[in-house]
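Notes for the one structure printed next.
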Amino acid sequence: MRGTILRGSLSGGLEVRLDIGENIEEVKVGTFCVVEGRTHDFFSMVVDEDIEAANPKAFYETLSDNSLLNEVVRGTGIIDKVKIQPMIAIRREDGRVQPVKSIPSYLSRVREAREEDVFKIFGRPDRTHFHVGSPLDMDHIPVCIDLKKFIERSNGIFGKSGTGKTFYTRIMLCGMIKSGLCNVLVFDMHSEYGWEGEDEDETRKKAKGLKQLFGSKVAIFTLDPESSRNRGVHPDFVVEIPYRSIEAEDIVMVREELNLNPTALEVIYVLQKHLGQDWLITFLNMDAFAIEEFAGRTGAHAGALQALQRKLFKLQKLPFIKENPADDAVERIMQYLDSGMNVVLEFGHQRSMLAYMLVANILTRRIHELYVKRSERALGGMQGNNTPLVIVIEEAHKFLSPELSRQTIFGMIAREMRKYNVTLLVVDQRPSGIDPEVLSQLGTKIVALLTEEKDIESVLCGVNNARMLRNVLASLDTKQQAIIMGHAVPMPVVIKTRTYDETFYKEITRDEDGAFSRGPMAGHKQASGSPAGNYGVDEPPPGKEFEDLMKELYGI
């Protein structure tokens, strides 16, 4: 692409006349170009295209069969134009990169961006700059996300169903795990991230999960050991949730799934106040006489209590909720995280929204409490600071709706940013269902194709040049294209994402020096005797003994 600046403004973008001989059909919205000004190079993005005539009658002149006349008119009376938006200014004198605060002069030359231009803006691939894809029509040039900035704040991955959100999430998880800059905890609703998942194309090929790629760096927890066994996966730990861990806040989170009205929620707080930590199991075991006695003692309505009890009986049908679990899931998760491992919690067949939201909220709340206490001790000089933790949740609008976001731990984490070194990676196909205040706190957004107007408005809320980016977002392909914008990239960028295939597997498991990282042993799907109390192995001791145990179990 080559052309010349005709007109434009700082807020409205620049109009570029393509050189004669350039084919506008080959210029894609979202591609990069560079405007060579007098003192600066302006790194820009194509945001729109147009055909313009100096005289409207010229359009009709080209309707003749005279091909020579048509070419003359096309080159003079009718011109092909593209609209570009300058994003970054590079001072030619010293190479300094800075925000755009001026525009290039009239008749400045425009050319397609080259590899060195992209590297100046996004950096070269290394441990902290993760290669996520390439600019449109520039497949040989890697575009990188700054992982240090990415994990500093909560982030979001959005796109309509079938656009590849799961694969974008897998790619980002691979980058974070390989970098070692943080630990990740994935609430894996559909069991797609742990051992293996399915490709989203028509072939339904198997796609390697994090455990196959990173071996001993990843532990698989499960709520459904039978489902894991059926899929040939031997989890490291079976999660069981004690009744006493369920608090009123958790019931508020799943009120729609339990069909609870505001009166029922008020009764729950009364129950917790009078019955203490064991309120739920005590209440579920009450007979009609005990309910009448409790109502008379507390002033609660007996009918409301009985109706609430019938609805809460749904919790007893969840097989992972136990009165006396064999082990503490939160303590186990913290042990793995503290040893530098990453945890994927698979839900197996327990993938109802009731189960997913309940478990994610309970575990996240307790883990966050531990991180807060550690951070406070670190401030007092009694302990080192926390390793950053990124928590991945799917169907995020269920957790972060305007009604719930102020009452749940997830809304709190999103607003805290990196205060306690805990952040979120939210994955959703309905960003318009998320509280706008929470959306505004997301540092980086990876957005695939969205077609609903309110979803597009939501993801672009608060973004510079949102009006122009709307055209770019609407032009994305349904697969393997996304726009990345926010804290971890210096400017919005449309990319063709990396393909999650054998080539990616080899590259992601290769060390920086070119050697391959030691993953799981060939044909070995996880150690069946991994460090989990419910598999008959003693609790892993701290320090060197724990490291020796891990070596023995995983063969590393």
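Hydrogens, waters and symmetry mates are skipped; everything else that's a heavy atom, side chains included, is used.
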So, taking the atom named [atom1] in [X] and the one named [atom2] in [Y], what distance separates them when rounded to the nearest 0.5 Å?
X      : Y      : atom1 : atom2 : answer
Ile446 : Ile495 : CD1   : CD1   : 7.0 Å
Leu404 : His397 : CG    : NE2   : 11.0 Å
Ile362 : Met253 : CD1   : CE    : 10.0 Å
Leu14  : Lys81  : CG    : NZ    : 11.5 Å
Lys178 : Leu210 : NZ    : CG    : 14.0 Å
Leu389 : His368 : CG    : NE2   : 10.0 Å

Do any N or O atoms from the side chain of [X] and from the backbone of [Y] form a donor-acceptor pair under 3.5 angstrom?
X      : Y      : value
Ser191 : Gly348 : yes
Asp250 : Leu358 : no
Lys311 : Arg255 : no
Asp146 : Cys144 : no
Thr444 : Ala488 : yes
Tyr500 : Ala207 : no
Tyr420 : Ile413 : no
Asp126 : Thr128 : yes
Lys211 : Val218 : yes
Thr503 : Asp501 : no

Considering all heavy atoms of both residues, which atom of [X] and which atom of [Y] are nearest to each other, and what is their separation?
X      : Y      : result
Asn471 : Val47  : CB-O, 3.5 Å
Ile321 : Ile246 : CD1-CD1, 4.0 Å
Met138 : Ala113 : CE-O, 2.9 Å
Ile220 : Gly194 : CD1-C, 3.7 Å
Thr497 : Ala482 : CG2-CB, 4.4 Å
Ile434 : Pro402 : C-CD, 4.4 Å

Original post:
Do any pairs count as a side chain to side chain donor-acceptor pair (under 3.5 Å) and have a residue in residues 116-125, sequence neighbours left out, and if so which ones?
Top reply: Arg111-Asp117
Test item: side-chain donor near acceptor, [X] and [Y], under 3.5 Å:
X      : Y      : result
Glu507 : His131 : no
Asn386 : Ser375 : yes
Gln480 : Thr499 : yes

Less than 4.5 Å apart, side chain to side chain, heavy atoms only: is that true for [X] and [Y]?
X      : Y      : result
Val110 : Met1   : yes
Val132 : Met172 : yes
Leu318 : Leu223 : no
Glu452 : Gln429 : no
Ser9   : Ile103 : no
Thr423 : Pro388 : no
Pro142 : Phe119 : yes
Leu345 : Val359 : yes

**OP:** For Ser352, enumerate each residue passing the side-chain contact (heavy atoms from CB on, under 4.5 Å) test, keeping only those at least two apart in sequence or located in another chain.
**Re:** Leu354, Ala355
With a cut-off of 6.0 Å (strictly less than), are more than 12 heavy atoms of other residues, nucleotides or ligands near [atom1] of [X]?
X      : atom1 : answer
Lys160 : NZ    : no
Lys148 : NZ    : no
Glu256 : CD    : no
Lys28  : NZ    : yes
Glu453 : CD    : yes

Original post:
Could you go step by step and tell me if His190 and Glu394 meet the side chain to side chain donor-acceptor pair (under 3.5 Å) rule?
Top reply: CA-CA 9 Å; His190 301 289; Glu394 302 177 274; 5.2 Å; no
**OP:** Output, in order, the C-alpha distance, side-chain angles, deciding distance and verdict of side-chain contact (heavy atoms from CB on, under 4.5 Å) for Phe320 and Val238.
**Re:** CA-CA 9 Å; Phe320 53 84; Val238 175; over 6 Å; no
**OP:** Show your reasoning for whether side-chain contact (heavy atoms from CB on, under 4.5 Å) applies to Arg231 and Glu346.
**Re:** CA-CA 12 Å; Arg231 291 181 288 113; Glu346 296 185 343; 2.7 Å; yes
Original post:
Does Arg332 make a cation-pi contact with Phe221, if we ask for NZ or CZ under 6.0 Å from the ring centre and within 45° of the axis?
Top reply: no
Does the distance from a Lys or Arg side-chain N to an Asp or Glu carboxylate O, for [X] and [Y], drop under 4.0 Å?
X      : Y      : value
Glu437 : Arg415 : yes
Arg366 : Glu331 : no
Lys314 : Glu257 : no

Subject >> Leu449 vs Gln481, side-chain contact (heavy atoms from CB on, under 4.5 Å): CA-CA, chis, key distance, verdict >> reply: CA-CA 8 Å; Leu449 177 67; Gln481 284 190 9; over 6 Å; no
Original post:
Mind checking whether Phe32 and Phe43 have parallel, tilted or perpendicular rings, split at 30° and 60°?
Top reply: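 Taking Phe43 first and then Phe32, their aromatic rings sit tilted (interplane angle of 30° to 60°).
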**OP:** Go through the steps for Leu213 and Cys174 under the test side-chain contact (heavy atoms from CB on, under 4.5 Å), then give the verdict.
**Re:** CA-CA 8 Å; Leu213 295 175; Cys174 287; 3.8 Å; yes
Original post:
Are the ring centres of Tyr168 and Phe158 closer than 6.0 Å?
Top reply: no
